[in-house]
Amino acid sequence: MPRYYITTAIDYANSNPHSGTAYEKIGADAIARWKRLQGYDVHFLMGMDEHSMNVEKKAVAAGMDPEAYCDGMEPKFTDLWKALHISNDDFIRTTQKRHIAGATEFFRRCHAKGDIYKAKYVGLYCVGCEAYLKDSDLVDGRCRNHNTPPQKLEEENWFFRLSKYTDAVRRHIEENPEFVQPEIRRNEVLNVVRDGLEDISISRSTFKFGIPLPCDPSHVMYVWFDALINYISAVGFPDDPARFERLWPADLHVIGKDITRFHCALWPGMLLSAGLPLPKSVWGHGWVHYKGQKMSKSTGHLLDPWDVIEPHGADALRYFLLREIAWDRDGDFTWDSFTLRYNADLANDLGNLLHRTLNMMHRFSAGTVQAASEPDPKDGALAAHLEGCFDGVSAAMDRLALSEALERIWDSVRRTNQYIEENAPWTLNKQGRTARVQTVMANLATAMEYLSVLLHPFIPQSAGRIREQLGLDPAPGALSRAFVLRAPGGKVREGTVLFPRIETREPKGN
RNA sequence: GGCGGCGUAGCUCAGCUGGUAGAGCAAGGGAUUCAUAAGCCCUGGGUCGACGGUUCGAGUCCGUCCGCCGCCA
């Protein structure tokens, strides 16, 4: 069974996750689940990024030591991921032993390669950015991102010789179109790399909460050098070579578009230095805007995922984000658009389809799948449509076009509703055409099962409920293109409403 | 300033290598009743941002401009 290693960015421990954070995990989860359905041995990694001056400060402000502070933050993330049914196989924290060991060994290798050196750095430092600023970062002498005056700092830092890998990284991006996706991100990174990469400071001596450099314990690793290594320290680097061999290189790093540069320029440079293979692909997704504006931690303009999950369920949020926001660009969440999508797609089209199907099975078919003893060309047309849908979804998922895959599935949801209309089982029933009614119902039960498998990656809980109501195991069966009628005899449950229609309701305080 | 993206029906967007515009939602109408007042059928004349150019013919190619946006400097 081929393996598929997928990761998301590890999140900063200094603030709660919001819907943009959730979007990334939901998208990655849909991909991971799809790959599992396809039969891949998937390893799905997520985690939390802890070492940094900002985390240390937050902790100190709360009167805690940084480790304890991070322990307290962990459930803010993991509880949300559980609630969203994110199917990650592992959750790494950069304070864990395995990661410290990995980062330390990684640094040693780069050091041994001659790619680490010490130099004095004088510059303007922004605490918010955790980075030195260039003149162009300043607006009226203040950081353009944080609107705060920078500090003048002079530090002896350790540097990573990234410049040495400019050509190698550039060639790799040029020769491997799938390495940076989508296209727009690739153009951006190429732009940066073609201008030449600069050596980068990778240590700090101004705070303690970090991994000490093996060559100079008075310095700790700078956040990015530390954080990126999680992708390998989580899978056995360096202490479990067999596991590492099996899982690395990753098939896909899912990240936000803002950190493309670190993943597509710095990270490959680091790996080349350490003599390790590069990940196969990096996907920089777009932003979820909220009511037309960028979400922002500093202004507090945020959509709290719990505000959607608690009243409407995880799948409502998952569906909206995956359907409404194409995975390669930005999109907007408003309560109106959420309500429209939810009612039109989930309640009216899908939920109602299941409900009316189950109801008719009880009224016309004894709540049981009967033999399809009176077939009709209409049945074959439905089956052909669904199999075409399968192809469309597969093709879309191959391109990671998640919203397109959902569009294809909904074509089939609509098509199945049409199948009901064109057969009008209620009329057949009045006419006493029992064999035909039962055949129609058998096709419908099969169609719903077929759809439940395709829906699973996107709305796993609801897909499971659909299957339960159909009298099936909630876990999706294997992915299979062929539309094969269900064997007679299976009982279905009384339908319960999957997605009750909702009124637009904006939580107060938003 | 350099590179790139976007600007198409009220909304969200499709429109590949050029041949007189499409989908979903929303809206209006209709026939039904198994169903979550849902579903199904019918109905869309929008200067395809503006102006030029190439062409027998251009959202679709070229140029200029305008308006948003991203990356870099």
Side-chain angles (χ1 to χ4, degrees), chain A residues 133-138 144 180 182-198 256-262 264-265 284-287 289 292-294 312 320-321 323-334 336-365 367 378 392 396 399 401 403-404 406-430 437-438 440-441 444-445 448 469 492 494-504:
Chain A
L133 303 181
K134 296 169 185 163
D135 290 346
S136 54
D137 295 326
L138 295 176
R144 62 147 72 119
V180 190
E183 192 71 22
I184 182 171
R185 305 274 91 85
R186 182 163 182 265
N187 290 336
E188 284 178 3
V189 174
L190 268 176
N191 212 339
V192 171
V193 176
R194 281 172 179 154
D195 282 348
L197 297 173
E198 291 175 12
K257 62 181 184 179
D258 57 325
I259 55 176
T260 310
R261 190 177 176 163
F262 294 105
C264 302
H285 68 253
W287 298 140
H289 294 239
Q293 283 181 281
K294 238 185 233 178
H312 308 303
F320 180 88
L321 294 177
R323 174 64 233 283
E324 188 82 5
I325 302 174
W327 223 37
D328 56 350
R329 55 177 100 169
D330 295 354
D332 193 25
F333 181 103
T334 67
D336 282 341
S337 60
F338 170 75
T339 304
L340 283 170
R341 273 270 167 236
Y342 177 99
N343 283 337
D345 296 1
L346 294 177
N348 296 352
D349 284 347
L350 178 62
N352 184 238
L353 170 61
L354 176 68
H355 200 238
R356 67 197 297 214
T357 296
L358 295 174
N359 207 280
M360 285 189 284
M361 291 198 65
H362 280 98
R363 288 177 62 150
F364 308 144
S365 188
K378 293 190 188 90
R399 290 181 287 116
S403 59
E404 241 181 271
L406 279 172
E407 279 183 62
R408 294 286 79 73
I409 295 172
W410 252 259
D411 284 345
S412 290
V413 171
R414 275 190 288 276
R415 182 63 184 78
T416 307
N417 270 316
Q418 288 169 350
Y419 175 81
I420 294 178
E421 302 294 335
E422 67 192 19
N423 285 287
W426 49 91
T427 303
L428 295 170
N429 184 60
K430 273 184 204 149
V437 175
Q438 293 180 343
V440 168
M441 297 320 301
L444 273 175
M448 291 309 299
Q469 296 196 23
V492 303
E494 294 287 342
T496 58
V497 172
L498 260 189
F499 301 104
R501 286 177 60 84
I502 59 177
E503 300 292 323
T504 300

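What you see is a predicted model; the values in this text were computed from it and never measured. Chain A is the first sequence line, chain B the second, and so forth, proteins listed ahead of strands; every chain is numbered from 1.
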For nucleotides 40-43 of chain B, tabulate all protein N/O to nucleotide N/O atom pairs closer than 3.5 Å, reporting atom names and distance.
unit_1 : atom_1 : unit_2   : atom_2 : d
B:C41  : OP1    : A:Gln418 : NE2    : 3.0

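- Scanning for side chain to side chain contact (heavy atoms under 4.5 Å, CB included) contacts around A:Ile259 gives A:Ala9, A:Trp224, A:Ile255, A:Phe262, A:His263, with sequence neighbours left out.
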Which letter, B, S or -, goes with each nucleotide of nucleotides 4-13 of chain B from 5' to 3', with contact meaning a protein heavy atom under 4.0 Å? S--------S
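- With pairs defined as Watson-Crick or G-U wobble and both atom distances under 3.5 Å, the stems of at least three pairs that touch RNA chain B come out as B:1-7 with B:66-72, B:10-13 with B:22-25, B:27-30 with B:40-43, B:49-53 with B:61-65.
- In terms of the salt bridge (Lys or Arg N to Asp or Glu O under 4.0 Å) criterion, A:Arg329 has no residue partners (sequence neighbours excluded).
- Residue-level contact check: A:Val192 touches the backbone only, with heavy atoms under 4.0 Å from sugar-phosphate atoms and none from bases.
- Among the atoms of the strands shown, base atoms are found under 4.0 Å from some heavy atom of A:Arg501.
- Taking A:Lys378 as the reference, A:Asp376, A:Tyr419, A:Glu422, A:Asn423, A:Arg436 meet the side chain to side chain contact (heavy atoms under 4.5 Å, CB included) condition, with sequence neighbours excluded.
- Nearest to the side-chain atoms of A:Ile420 among the listed nucleotides B:C34, B:G70, B:G39 stands B:C34.
- For the P atoms, the distance linking B:A73 with B:G52 amounts to 39 Å, nearest Å.
- Relative to the side chain of A:Arg261, the nucleotides B:U36, B:G70, B:A73 differ in distance, and B:A73 lies closest.
- B:G18: glycosidic angle beyond 90° from 0, hence anti.
- The separation between A:Ile409 atom CD1 and B:G24 atom P is 18 Å, rounded to whole Å.
- A:Leu498 comes within contact range of at least one nucleobase, with a heavy-atom separation under 4.0 Å.
- Picking from B:G70, B:U33, B:U36 the nucleotide with the shortest atom distance to the side chain of A:Lys430 gives B:U33.
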